[in-house]
Student: 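Please find one structure pasted underneath; my questions will follow.
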Amino acid sequence: MTTRFDACMSAPFGRLGIRVADGHVVRIEYLPPGDELLAPRDAVSRETCRQLARYLDDPQATFDLPLRPGGSPFRQRVWEALTRIPAGEVLTYGELAQQLGTVARPVGGACGANPIPPVVPCHRVISASGLGGFMGRTDGHPMQVKQWLLAHEGVAL
DNA sequence: ATCAGGTCTCAAG
DNA sequence: CTTGAGACCTGAT
């Protein structure tokens with residue numbers, strides 16, 4: 001694997017890889033079980049792990065981390081809107097798009113480009129006809145993670 | 001500037 | 001259920 005992380009922690013659905021730069025979280029990735037664990041290399045990574053662990057234990061826990069979102073202003077607006085969705089609630093791409101004055105497809109694009117899940121809860125956005133897709137597929141490990149997270153927050157499928 | 005593709009959606013066959 | 005067209009943003013050409 002070419003990607004390096006500043007921490008990699010265990011989770012019920014696999015692993016969470018954390019990347020930090022200049023004291024800001026710049027990326028979190030869902031990794032499959034069995035991936036190599038890595039102790040946090042700095043204070044921000046350690047704090048991120050702590051809050052992630054707390055969320056994995058209690059879905060109502062909120063995040064308070066220094067994030068550095070890349071991407072276009074549009075995507076940042078989408079991500080900010082995502083963070084305002086309460087735990088246990090879900091919106092459709094269409095509804096979220098309506099709030100932002102756009103349509104569903106670009107919202108899906110922004111969700112797919114979300115670099116910091118589950119701090120930015122892209123998993124709380126589903127399609128109008130079911131769970132929707134995930135990276136072009138309706139199965140695979142990322143999809144299982146999405147399902148786990150929704151179940152974790154008490155969302156009935 | 002143009003083109004293809006994306007975690008979509010709705011209507012029609 | 002499958003198909004087709006619509007709508008908007010991003011990244012590559």
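Naming convention: chains lettered A, B, ... in sequence-line order (proteins, then strands); numbering from 1 in each chain. None of these values were measured; they are calculated from a predicted model.
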Student: Over how many whole Å does the gap from Arg105(A) atom CZ to dC3(B) atom P extend?
Tutor: 17 Å
Student: Write down the atom of Val119(A), the atom of Thr83(A), and the distance for their closest heavy-atom approach.
Tutor: O-CG2, 4.2 Å
Student: Between dG6(B) atom P and Asn114(A) atom CG, what is the distance in whole Å?
Tutor: 18 Å
Student: Looking at the side chain of Phe74(A), which of dT10(C), dC8(C), dC8(B) is the nearest nucleotide?
Tutor: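 Nearest nucleotide to the side chain: dT10(C).
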Student: Indicate whether the side chain of Gln99(A) and that of Glu95(A) have a donor and an acceptor atom separated by less than 3.5 Å.
Tutor: no
Student: In whole Å, what is the span from the CD atom of Gln98(A) to the P atom of dT9(B)?
Tutor: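 Result: 12 Å.
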Student: Taking only side-chain N and O atoms of Arg75(A), does any of them lie within less than 4.0 angstrom of OP1 or OP2 on dG11(C)?
Tutor: yes
Student: Looking only at side-chain N and O atoms, does His123(A) offer a donor or acceptor that is under 3.5 Å from a partner on Gln147(A)?
Tutor: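 No, because no side-chain N or O of Gln147(A) sits under 3.5 Å from a partner of the opposite role on His123(A).
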Student: How many Å lie between CG on Leu100(A) and P on dC8(B), as a whole number?
Tutor: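 Computing the Leu100(A):CG to dC8(B):P distance gives 16 Å.
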Student: For a quick check of understanding: with a heavy-atom distance under 4.0 Å over all strands, which category does Gly112(A) fall into, base, sugar-phosphate or nothing?
Tutor: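 Base contact.
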Student: Take the protein atom CZ of Arg77(A) and the nucleotide atom P of dT10(C), then report the distance between them rounded to whole Å.
Tutor: 9 Å
Student: Nearest whole Å is fine: how far is dT9(B) P from Leu91(A) CG?
Tutor: 12 Å
Student: Both distances below 3.5 Å, Watson-Crick or wobble geometry, any strand: find the nucleotide opposite dA7(C).
Tutor: none
Student: Which nucleotide in the set dC9(C), dG6(B), dT9(B) lies at the smallest distance from any side-chain heavy atom of Ser72(A)?
Tutor: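 The answer is dC9(C).
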Student: Between Glu153(A) and Tyr55(A), is there a side-chain donor-acceptor contact under 3.5 Å, judged purely by atom types and distance?
Tutor: yes
Student: What's the CH2-C1' distance between Trp79(A) and dT10(C), to the nearest Å?
Tutor: 11 Å
